[in-house]
Amino acid sequence: MREKNVCNLMDLNFIFTDKSNLVKDGDYYCKFYEENQDEYIYRVQPYLLMPGIIIFFIDYLCNKEYIKSEIKRSDDFFAIHYCRKGRYECELENGYSIFMGPGDFAIHNMKYKVLNPYFSERKYEGISVYFDTKRMEKDLNNFFKVLGIDTFELIKYLKKIDLTLVERGNEFVEGIFDDIYKYKQNNMMESISLKIIELLFFISNKKTLHYSKNDYIPQTQRLKIKSIKDYLTENLSQHIKIKELSVRFNIKENKIQNIFKEIYGQTVYSYIKEYKMTKAAYYLRNSEFNISSIASKLGYINSSKFSAAFKSKYGVTPSFYRKGI
């Protein structure tokens, strides 16, 4: 007899297309992948809250940004995703992409299959709740009705969503998910179920939700921004202006600035400054380059400006950091 709320592989049939490399590790199911000698891990901790509703606690850490999508598409399911840490992007089969940063949550109508999940920070922590609408209509309608949730109207509304709906930084929703994490620590599944019901009640009030097609970026623009990021990180010694990028990649300057921040959570210059400091820390600990050479590689005109930037980031000078004290 299995422990209450703990999912088995059969419970996950409607979510994963391939469970062959799904390995049980304590309360977690782990998917291990190895491609071109790159190893990465996608861990999920699933619990069956009530008929047709499964919650996933997700932990992703790897040395690459992309993973294979193995989530099924279905006209009868929708999902709620919440990003706690990291950044998440997914491309939908209709050609659009959505982006989530810390505090964002999304409602995903699963009639569109997710393609190429992308983690720009190579780490992610969050929650996904999957809903089987047929099971909800059959087994939960009367229960939800007592609580003031019209199951049929809610599902009808969700099925009208043509693109995934994203709500950014809503304090009420963040409070719900903060409580869910607290309850999880104490294995209080009944309390988590009540929080999911509270979230559904919030969603059923359509006026509280924000929906804008500006949240969705066409694939052509998304790929250009990623090419820009690659170009910048491969040419750290150069001082490249937004205007130059606009001409080289044939995209407007304001588009570069807005979409780059949407994908990577920072402005172009903030991202590159952070990237340079990460590279500097690596060089100082793992190479024999002198500080002047490192400064030059990273585009600083002299060692003193590099040292000032490094100390501002890490609180110590490059020389002190290299000593490993």
Side-chain angles (χ1 to χ4, degrees), residues 17 33 35-38 40 42 58 60-73 79 81 83 86-102 104 106-124 126 161-166 168 211-276 278-279 299:
T17 58
Y33 304 94
E35 294 179 0
N36 301 322
Q37 297 182 338
D38 286 332
Y40 52 104
Y42 181 84
I58 300 169
Y60 174 74
L61 183 64
C62 74
N63 61 351
K64 65 184 299 181
E65 297 172 344
Y66 284 99
I67 67 169
K68 294 184 296 185
S69 175
E70 300 194 28
I71 303 298
K72 292 181 179 179
R73 69 163 298 283
H81 307 293
C83 174
R87 297 190 68 78
Y88 170 71
E89 169 195 337
C90 71
E91 178 188 339
L92 303 177
E93 61 183 352
N94 63 355
Y96 281 82
S97 296
I98 63 167
F99 303 87
M100 294 174 61
D104 295 344
I107 303 171
H108 174 206
N109 187 330
M110 292 174 66
K111 67 182 178 181
Y112 291 121
K113 183 175 172 59
V114 171
L115 308 173
N116 303 321
Y118 179 80
F119 300 88
S120 60
E121 297 183 7
R122 303 187 180 188
K123 60 183 178 181
Y124 177 81
I161 298 174
D162 194 33
L163 297 172
T164 298
L165 187 154
V166 178
R168 306 209 178 273
Y211 175 53
S212 171
K213 286 198 174 184
N214 292 331
D215 288 333
Y216 307 95
I217 301 171
Q219 184 182 23
T220 52
Q221 294 182 4
R222 178 177 58 85
L223 293 176
K224 283 185 179 182
I225 295 301
K226 289 182 178 176
S227 296
I228 287 172
K229 187 267 292 184
D230 291 340
Y231 179 73
L232 290 169
T233 56
E234 291 166 5
N235 295 278
L236 294 176
S237 63
Q238 300 180 31
H239 297 279
I240 303 169
K241 296 182 179 180
I242 299 291
K243 187 175 182 178
E244 297 174 52
L245 296 172
S246 176
V247 174
R248 175 179 284 271
F249 292 93
N250 191 29
I251 181 172
K252 292 181 180 179
E253 293 180 44
N254 67 325
K255 288 282 187 183
I256 293 175
Q257 294 167 328
N258 294 337
I259 299 175
F260 194 99
K261 189 172 183 180
E262 185 77 9
I263 294 176
Y264 297 104
Q266 296 175 285
T267 65
V268 175
Y269 292 122
S270 294
Y271 180 91
I272 293 304
K273 182 179 179 181
E274 187 85 12
Y275 189 90
K276 286 181 177 182
T278 301
K279 291 289 286 186

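These values consider heavy atoms only, across backbone and side chains, with no hydrogens, waters or symmetry-generated copies. What you see is a predicted model; the values in this text were computed from it and never measured.
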So how far is it from Lys261 NZ to Phe99 CZ, rounded to the nearest 0.5 Å? 15.0 Å
Gln257 versus Ile242, closest heavy-atom pair with distance: NE2-CG1, 4.2 Å
Would you call Lys279 and Tyr275 a side-chain contact if the rule is heavy atoms closer than 4.5 Å? yes
Pairwise distance CD1(Ile228) to CG(Leu223) - rounded to 0.5 angstrom: 11.5 Å
Is the shortest heavy-atom distance from the side chain of Arg87 to the side chain of Pro102 under 4.5 Å? yes
Supply the atom-to-atom distance Tyr124 OH to Ile58 CD1, rounded to the nearest 0.5 angstrom. 5.5 Å
Approximate separation, where rounding is to 0.5 Å, of Lys252 NZ and Gln221 CD: 10.0 Å
Flag the pair Met100 / Glu89 as yes when at least one side-chain heavy-atom distance between them is below 4.5 Å, and no otherwise. no
With a 4.5 Å cut-off on side-chain heavy atoms, are His108 and His81 touching? yes
Enumerate donor-acceptor pairs with a distance under 3.5 Å from any side-chain N or O in residues 232-239 to protein atoms, sequence neighbours excluded.
{"from": "Thr233", "atom 1": "OG1", "to": "Lys229", "atom 2": "O", "distance (Å)": "3.0"}
{"from": "Thr233", "atom 1": "OG1", "to": "Asp230", "atom 2": "O", "distance (Å)": "3.1"}
{"from": "Asn235", "atom 1": "OD1", "to": "Gln238", "atom 2": "NE2", "distance (Å)": "3.1"}
{"from": "Asn235", "atom 1": "ND2", "to": "Tyr231", "atom 2": "O", "distance (Å)": "2.7"}
{"from": "His239", "atom 1": "NE2", "to": "Gly299", "atom 2": "O", "distance (Å)": "2.8"}

Shortest non-hydrogen contact from Ile251 toward Ser246: O-OG, 2.6 Å
What closest approach, in Å, do Ser227 and Phe249 show between heavy atoms, and which atom pair accounts for it? CB-CE2, 3.7 Å
Heavy-atom pair with the smallest gap, counting every atom of Lys224 and Asn250: NZ-O, 2.9 Å
Would you please classify the geometry between the Tyr264 ring and the Tyr271 ring as parallel, tilted or perpendicular, with 30° and 60° separating the classes? tilted
Sole candidate of Leu245, Asn258, Ile259 that passes side-chain contact (heavy atoms from CB on, under 4.5 Å) when paired with Ile225: Ile259
Answer yes when Glu253 and Lys241 have at least one side-chain N-carboxylate O distance shorter than 4.0 Å, and no when they do not. no
Sorted by chain and number, sequence neighbours left out, salt bridge (charged side-chain N to carboxylate O under 4.0 Å, His left out) with Glu274 holds for Lys313
